[in-house]
Amino acid sequence: MAKAAGNTKAKPAFACSECGWTSARWIGRCGECQAWGTVAEVGAPKAARIAAGPVSSPAMPIAKVSAIEAESRPTGIAELDRVLGGGVVPGAVILLAGEPGVGKSTLLLEVAAQSARRGQRTLYVSGEESAAQVRLRAGRTDALVDELYLAAETDLSAVVGQVDAVEPSFLVIDSVQTMAHPEVDGAPGGVTQVREVTGALVRLAKERHIAVVLVGHVTKDGAIAGPRMLEHLVDVVLAFDGDRHSGFRMVRATKNRFGPSDEVGCFDMVDTGIVEVSDPTGLFVSEHAEPVAGTCVTVMMEGRRPLLAEVQALVGPSAAPQPRRTTSGVESSRVSMVLAVLGNRVGLKLTDQEVYVATVGGVKIAEPVADLAVAIAVTSSVMDRPIHPGLIAIGEVGLAGEVRRVGGLEKRLAEAARLGFTKAIVPADVPNRGKELKAMDMQSKYGLRVFAAADLPSALHAAGLT
């Protein structure tokens with residue numbers, strides 16, 4: 001006899017505590033976010049009828065909705081405004097993540113001070129340092145402003161109390177991993193605590209139209225610590241990175257609901273704090289009194305921003321059976337590929353030579369646009385013949401020896417011309433080839449002599465190395 005439907009026992013399910021993915025059985029690794037040990041048993045959801053409730057505001061045609069409250073306000077730091085798309089939007093929640101010691105707190109203290117100078121009451125809540133420690137740093141960076149309030153709290157309810165007392169229009173939480181929700185179990189920084197604390201701060205920002213900036217930690221792999229849902233909850237995600245041995249820092253937008261998500265802001269860490277760098281090209285290009293063999297300049301793109309970078313190469317004989325290949329700032333796999341193409345397509349034998357390739361200023365070039373500059377720099381070092389000091393090389397090198405086109409060529413050439421370069425070697429295979437090459441013919445609209453190279457031998461010839 002069939003069992004009554006009302007006596008059927010609800011089948012338990014399993015869900016991931018990080019992303020919410022569900023499964024009918026337990027597994028050790030989440031099938032969605034690939035996290036280990038986050039799948040736990042939960043009760044089967046019960047179907048429930050939802051009754052209509054009161055609405056916060058009636059729906060209206062989208063054209064009649066006022067956008068005044070969502071207009072961005074400049075932070076007073078042009079490089080950060082560039083990344084944010086004009087400034088900070090009231091009610092927005094921004095997550096700034098970076099490695100320890102990169103300067104997140106220093107940057108946000110400067111942002112808070114600039115906001116206070118513009119007449120916006122600002123509250124800086126520190127969960128990692130005492131108020132006295134933050135005060136010392138503020139004195140060193142000239143961030144002592146009357147409208148900037150400081151508190152040291154780790155309990156979320158105390159933070160809300162501080163907000164009620166100060167009534168700020170700009171709030172900085174340093175950091176979200178140190179805050180604890182009083183009604184949630186778990187240690188601060190845990191998955192559940194971070195999720196609930198962030199959710200509560202997002203609701204606070206939206207209800208009171210307060211711009212909130214959260215400092216986030218990163219794991220050893222460079223990912224933001226905590227659940228992946230953390231990035232979905234906030235409006236803007238910024239990555240703050242830089243070489244520990246260099247003062248140069250970059251802020252990149254990886255998510256931005258109010259502006260572009262491919263912009264980059266440049267900063268420099270100095271003794272008095274952090275300063276913006278509006279034209280960082282000089283940090284990545286060295287100045288030589290006379291032309292030096294083994295150097296070549298290229299133009300990389302950081303988001304929408306063209307930046308010149310100098311590639312240097314040093315080639316010398318080696319007695320080892322396997323000569324050393326050392327790189328810094330460029331991908332070693334691409335350098336190895338370029339060396340192989342030089343040997344097989346150009347006839348440049350490097351099997352018994354040690355090769356060192358590096359960039360100036362610690363900049364990292366991730367895109368293949370530097371292939372042509374690497375090839376020219378290595379050939380220049382082997383022949384001990386410097387290239388023209390006003391020459392730049394832009395292009396990707398293929399395994400067949402061809403020079404492939406790259407994106408944003410016009411922006412790259414315009415930036416090179418602005419900085420005084422006079423010659424450029426570019427791929428012959430550019431979009432709309434006839435029209436593009438005609439526009440860039442010899443005396444182009446950028447004031448550059450442009451050489452279109454179809455393959456690596458022709459590019460080396462244009463550089464004066466063959």
Side-chain angles (χ1 to χ4, degrees), residues 285 291 293-301 306 308-313 315 330-331 334-350 355 357 359 365 367-383 385-417 419-466:
V285 178
T295 64
C296 185
V297 177
T298 188
V299 187
M300 63 179 184
M301 294 292 293
L308 270 68
E310 182 177 323
V311 178
Q312 297 183 340
V315 181
V330 290
E331 294 184 4
R334 297 208 66 86
V335 172
S336 299
M337 185 200 71
V338 171
L339 297 181
V341 173
L342 285 173
N344 288 272
R345 306 298 181 184
V346 182
L348 193 67
K349 299 303 180 182
L350 301 169
V355 180
V357 178
T359 57
I365 306 177
E367 56 179 340
V369 68
D371 289 354
L372 187 56
V374 170
I376 292 175
V378 169
T379 306
S380 172
S381 179
V382 171
M383 302 181 65
R385 183 188 302 173
I387 63 174
H388 190 277
L391 174 70
I392 63 167
I394 305 171
E396 176 185 355
V397 176
L399 292 177
E402 76 278 14
V403 180
R404 298 175 180 173
R405 67 187 185 188
V406 296
L409 187 59
E410 289 193 4
K411 289 184 178 180
R412 300 176 198 263
L413 291 176
E415 180 68 7
L419 294 171
F421 286 82
T422 57
K423 297 181 180 180
I425 302 176
V426 301
D429 183 20
V430 296
N432 303 321
R433 179 172 178 175
K435 179 180 178 182
E436 189 87 6
L437 287 180
K438 184 177 180 181
M440 299 186 306
D441 187 21
M442 293 315 205
Q443 296 298 328
S444 71
K445 58 183 177 181
Y446 308 108
L448 290 167
R449 293 187 63 195
V450 178
F451 299 88
D455 51 29
L456 193 52
S458 60
L460 296 176
H461 178 74
L465 298 176
T466 59

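We use all heavy atoms of the structure for the numbers below, so side chains are in, but hydrogens, waters and symmetry mates are not. Starting from 1, each residue takes its place in the sequence as its number.
In this structure, I376 and L460 have side chains that are in contact, with non-hydrogen atoms separated by less than 4.5 Å. In this structure the side chain of V346 never reaches within 4.5 angstrom of the side chain of T379, judged on heavy atoms. Taking 4.5 Å as the limit, some side-chain heavy atom of I394 sits within range of a side-chain heavy atom of V406. Put simply, the side chain of R412 does not reach to within 4.5 Å of the side chain of V426, judged on heavy atoms. Counting only heavy atoms from C-beta outward, the side chains of H388 and T422 approach each other to under 4.5 Å.
Considering CG of N344 and CG of L339, their distance stands at 11.0 Å, rounded to 0.5 Å. For the atom pair CG (L456) and OG1 (T466), the distance works out to 10.0 Å, reported to the nearest 0.5 Å. Interatomic distance, I387 CD1 to I425 CD1, rounded to the nearest 0.5 Å: 7.0 Å. Distance check: E367 CD to I365 CD1 gives 8.0 Å after rounding to the nearest 0.5 Å. Here S380 contributes atom OG and Q312 contributes atom CD; the two are 11.0 Å apart, rounded to the nearest 0.5 Å. Interatomic distance, R334 CZ to E396 CD, rounded to the nearest 0.5 Å: 5.0 Å.
Scanning both residues, G464 and R385, for their nearest heavy atoms gives O-NH1, 3.1 Å. Shortest non-hydrogen contact noted between V299 and P306 is CG1-CB, 4.0 Å. The shortest non-hydrogen separation linking F421 to V297 is CZ-CG1, 4.0 Å. Here the closest non-hydrogen pair linking F451 and A462 is CB-CB, 4.0 Å. Summarising the geometry of A428 relative to A452, their closest heavy-atom pair is CA-CB, 3.9 Å, with the distance given to 0.1 Å. Between G398 and V341, the shortest heavy-atom distance links the atoms O-CG2, 3.6 Å.
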Requested in this report: Report the C-alpha separation of D371 and M337 in whole Å, then their side-chain angles, then the decisive distance to 0.1 Å, and conclude whether the side-chain contact (heavy atoms from CB on, under 4.5 Å) test is met.
Outcome: CA-CA 9 Å; D371 289 354; M337 185 200 71; 3.9 Å; yes

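Without hydrogens or angle criteria, T298 side chain to A393 main chain gives a donor-acceptor distance under 3.5 Å. In this structure a side-chain-to-backbone donor-acceptor pair under 3.5 Å is missing from R345 to A340. At distances below 3.5 Å, at least one donor-acceptor pair connects side-chain atoms of S381 with backbone N or O atoms of V315. No donor-acceptor pair closer than 3.5 Å links the side chain of T359 to the backbone N or O of E310.
Considering V338, V397, L342, V355 as possible partners of V374, the one that fulfils the side chain to side chain contact (heavy atoms under 4.5 Å, CB included) test is V338.
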